[in-house]
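Note on naming: letters A, B, ... go to the chains in the order of the sequence lines (proteins, then strands), and numbering restarts at 1 for each one.
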There are 2 protein chains.
Amino acid sequence: MKSTEAACQYELMAARDALEVIQGKWRIPIVISLTYGTKRFGEIHRDMPDISPKMLSQELKSLEENQIITRTLYDRMPVTVEYSLTPLGQSLQNLLVELRNWGKHFRKEIVGK
Amino acid sequence: MKSTEAACQYELMAARDALEVIQGKWRIPIVISLTYGTKRFGEIHRDMPDISPKMLSQELKSLEENQIITRTLYDRMPVTVEYSLTPLGQSLQNLLVELRNWGKHFRKEIVGK
DNA sequence: CCGAATCCTGTTTGATACTG
DNA sequence: CAGTATCAAACAGGATTCGG
């Protein structure tokens, strides 16, 4: 039992690391939106109209701090800001694919039954 | 652009379905704990001592409602309750593997730099 | 030992209006 | 366009107590 428990603890720790970064209602949807390329604030917002500007701003900042996305300011008129995935952000792809697959599976099994 | 946006919307919806079920601080850790086999309340609690009995109880109930786990009551003395993964819960494995992998990756890249 | 029930608190989230 | 400020609501989480 000892070794099983140790393995469990190790898995839990790795999962926690990941969850800390991508947890929340909006962070993953934002990353998915940026999967389709560099976007501006308003473009992301159009992909997910339910989020408030405040939350979007806040979550973008959090993702930037964790080096999942980059923020680029263009000093034009009007002001333009572009967001895009970093390599680390792109490394979330496998995880996102599995998440989407499971979501579809769940919908078939439960939601749509 | 139309087709790209439609694909994005579809991905977002699938991701939302999944997030609704597994989101939160404790649900995924609970599922990971049960990956190692059927366990009782106290055994799960020992895997993650930080969770309060209330939250553990609450989250177990939520997972049961979404048919991720089963709860079996044995009417012995003292009362025993066992939790285990359903097939649907086991279908989370690929996702959990990716989550753990990314967590390790993130730690190497950022946390441990 | 395995929880349920209650109460309480702080953080998260959100609606709305406003600014450079 | 890309946010910030403000205020309110919702929720996560903890402490404690109780019962089979």
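Applying the salt bridge (Lys or Arg N to Asp or Glu O under 4.0 Å) test to A:K39 and every residue at least two apart in sequence or in another chain returns A:D47. Taking the side-chain hydrogen bond (donor to acceptor under 3.5 Å, both in side chains) definition, one finds that B:T38 meets it with nothing, sequence neighbours left out. When the salt bridge (Lys or Arg N to Asp or Glu O under 4.0 Å) test is applied to A:R40, the partners found at least two apart in sequence or on another chain are A:E43. Partners of B:V81 under the side-chain contact (heavy atoms from CB on, under 4.5 Å) rule, at least two apart in sequence or in another chain, are B:R71, B:L73, B:V79, B:Y83. With sequence neighbours left out, the side-chain hydrogen bond (donor to acceptor under 3.5 Å, both in side chains) criterion links A:Q58 to no other residue. A search for side-chain hydrogen bond (donor to acceptor under 3.5 Å, both in side chains) contacts involving B:T70 returns B:S84, not counting sequence neighbours. In this view, B:T86 satisfies the side-chain hydrogen bond (donor to acceptor under 3.5 Å, both in side chains) rule with no residue, not counting sequence neighbours. Remark: A:R16 engages no residue in a salt bridge (Lys or Arg N to Asp or Glu O under 4.0 Å) (not counting sequence neighbours). In this structure A:E98 satisfies the salt bridge (Lys or Arg N to Asp or Glu O under 4.0 Å) test with no other residue, sequence neighbours excluded.
The distance between atom NE2 of B:H45 and atom P of C:dC1, rounded to the nearest whole Å, is 12 Å. To the nearest angstrom, P of C:dT13 lies 11 Å from CD1 of A:I30. Atoms CD (B:E64) and C1' (C:dA4) sit 15 Å apart, rounded to a whole Å. Distance B:F41 CZ to C:dC2 P: 9 Å, rounded to the nearest Å. Atom pair A:D75:CG and D:dG3:P shows a separation of 13 Å (rounding to whole Å applied). The separation between B:K61 atom NZ and D:dG13 atom P is 16 Å, rounded to whole Å.
With contacts defined as side-chain heavy-atom distances shorter than 4.5 Å, the pair B:L88/A:H105 qualifies. Using a 4.5 Å heavy-atom threshold, the side chains of A:F41 and A:S57 count as touching.
Listed in residue order, the members of residues 31-38 of chain A having a heavy atom less than 4.0 Å from DNA chain D come to none. Non-hydrogen atoms lying under 4.0 Å from DNA chain C are contributed by B:K54, B:S57, all within residues 46-60 of chain B.
For C:dG14, one of the phosphate oxygens OP1 or OP2 lies less than 4.0 angstrom from a side-chain nitrogen or oxygen of A:W26. Note on B:K25: every side-chain N or O is 4.0 Å or more away from OP1 and OP2 of C:dT11.
Rounded to 10 degrees, the angle between the two end axes of the helix from C:dC1-D:dG20 to C:dG20-D:dC1 is 50°, with five pairs used at each end.
In this structure, A:Y74 reaches neither bases nor backbone, as no heavy-atom distance under 4.0 Å exists between it and the strands shown.
Side chain of A:R40, nearest nucleotide from D:dG3, D:dG13, D:dA2: D:dA2.
Both B:G24 and A:T80 lie near DNA chain D, and the one whose nearest nucleotide falls closer to the 5' end is A:T80.
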